[in-house]
Amino acid sequence: MKKIAITGLSGVVGQIMAKTVPHDYTLIDLFHRSPYPDNQFEGKIVHKIIDIVSKDDTNRVLSSINPDVIIHMAAITHIDVCENDKIYGKEGIVWKTNVEGTRNIVSYCAKNSVPVVYLSTECVFDGKKSSYNEFDKKNPRNWYGRTKHEAEEILLSSGVQVSIIRGVVAYHDNDNQKTIFGKFVSLLKKKNEIFAVDDQQFTPTYTYDMSKAIWNTVQKNIYGVFHVSPETSLTPYEFVTLLATQYNLEASLVKKTTLVSFFGKTRALLRLPYACLSQSYSNTKLGIKPKKPIDAFAVMTI
Ligand SMILES: NC(=O)c1ccc[n+]([C@@H]2O[C@H](COP(=O)([O-])OP(=O)(O)OC[C@H]3O[C@@H](n4cnc5c(N)ncnc54)[C@H](OP(=O)(O)O)[C@@H]3O)[C@@H](O)[C@H]2O)c1
């Protein structure tokens, strides 16, 4: 059985990754604060505590496992939390986790010829043009994106066999209200008025498409930079209105707002006006066709 070590399994994307592990893998949960619950996983799972910020810790833990492949998802991901840490620069926990943490993993992988799958984001781009392909020039507009960009560069220049998988705002059902799907459903069920941004386009990623892309790269040894998101964009307002209509919730509760009204002037500037990835190259390479929200909603439950 191949050993697959995953960082960040307790996070949003990890919820689905753990549910979709192929049968021929032993999963090693490289957890930070809390291990992934065994009762939510049917296969074989081993837990190892790790702090990727520590090079010694990372090297010691990975050496004790000797994984066949590493899926590196651990990061500090909230745009505003990351931005607040920018004043500390390379001494800040966000840089240390997202950049140095990745460097520590890559350092082990380079010495031991272990391939890496790395999860990244549309935030490596500035969001000024309507869509970005896999080869477009990066130019992050927020600190989160800057650290993810640096981590990508470390991986790409390391000589390690690497797949970089970029997604946009992952969502799925049964999410404990951790994704925009569950958050909006909860507000609509409480019959609360909802304000949703209508001057931003995005291509939100159905998390099961992301996990499928990741497992395909692992199983078929596909390397490169890939995008996982639907081919058409919409606004967050359109997303939640579609959701309300699909599940017979009250669409009239949803009101339009703008990035500036919703986030305030400073935080709005950190958001990408076009948080959109194009993906025809990736779809062909990975053999996937990521779902549009309307198609994802058709197979999701509330
Ligand atoms: N969710 C999205 O919409 C989305 C979209 C595109 C790309 N991505 C990328 O996908 C990855 C996963 O995102 P997510 O939303 O699932 O993240 P998340 O929910 O914020 O979870 C982050 C994970 O990182 C772990 N972690 C943080 N610091 C660590 C450290 N020092 N050592 C080891 N583990 C540490 C956390 O564990 P603890 O909680 O125990 O600290 C947690 O499991 C990220 O790399 C993100 O950039 C996410």
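Indexing begins at 1, ligand by ligand and atom by atom, following the structure's order.
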Numbered atoms of ligand 1 (with element) below 4.0 Å of G167, judged on heavy atoms: 5 (C), 6 (C)
Salt-bridge present (K55, E100; N to O < 4.0 Å): no
Counterpart residues, side chain to side chain contact (heavy atoms under 4.5 Å, CB included), relative to I93 (two or more places apart): V53, I76, D85, T97
Those atoms of ligand 1 less than 4.0 Å from some heavy atom in V169: 3 (O), 5 (C)
Shortest reach to atom 33 (C) of ligand 1 by a heavy atom, considering only M17, H32, Q15, H78: H32
Under-4.0 Å salt bridge between K289 and D209: no
Aromatic centroids of Y274 and F125 separated by under 6.0 Å: no
For atom 7 (C) of ligand 1, closest protein heavy-atom neighbour: S120 O, 2.9 Å
Close N or O approach (A170, ligand 1; < 3.5 Å): yes
Nonpolar side-chain network containing V12, other nodes, edges under 4.5 Å: none
Separation between CG of L259 and NZ of K265, rounded to the nearest 0.5 Å: 14.0 Å
Nearest non-hydrogen protein atom, atom 25 (C) of ligand 1: A74 CB, 3.8 Å
Pick from V81, T121, T77: the one approaching atom 17 (O) of ligand 1 most closely through a non-hydrogen atom: T77
Cation-pi check, K2 onto Y25 ring (under 6.0 Å, within 45° of axis): no
Atoms in ligand 1 flagged as close to T97, the criterion being non-hydrogen separation under 4.0 Å: 28 (N)
Sidechain-backbone polar pair: E238 side chain, T235 backbone, donor-acceptor under 3.5 Å: yes
Contact partition for Y144 relative to ligand 1, non-hydrogen atoms under 4.0 Å: side chain
Residue and atom name of the nearest protein heavy atom (relative to atom 9 (C) of ligand 1), distance in Å to one decimal: L119 CB, 3.9 Å
Nearest-neighbour protein heavy atom for atom 19 (O) of ligand 1, which is reported as residue plus atom name and distance: V12 N, 2.9 Å
Contact atoms of ligand 1, heavy-atom distance to K148 under 4.0 Å: 44 (C), 45 (O), 46 (C), 47 (O)
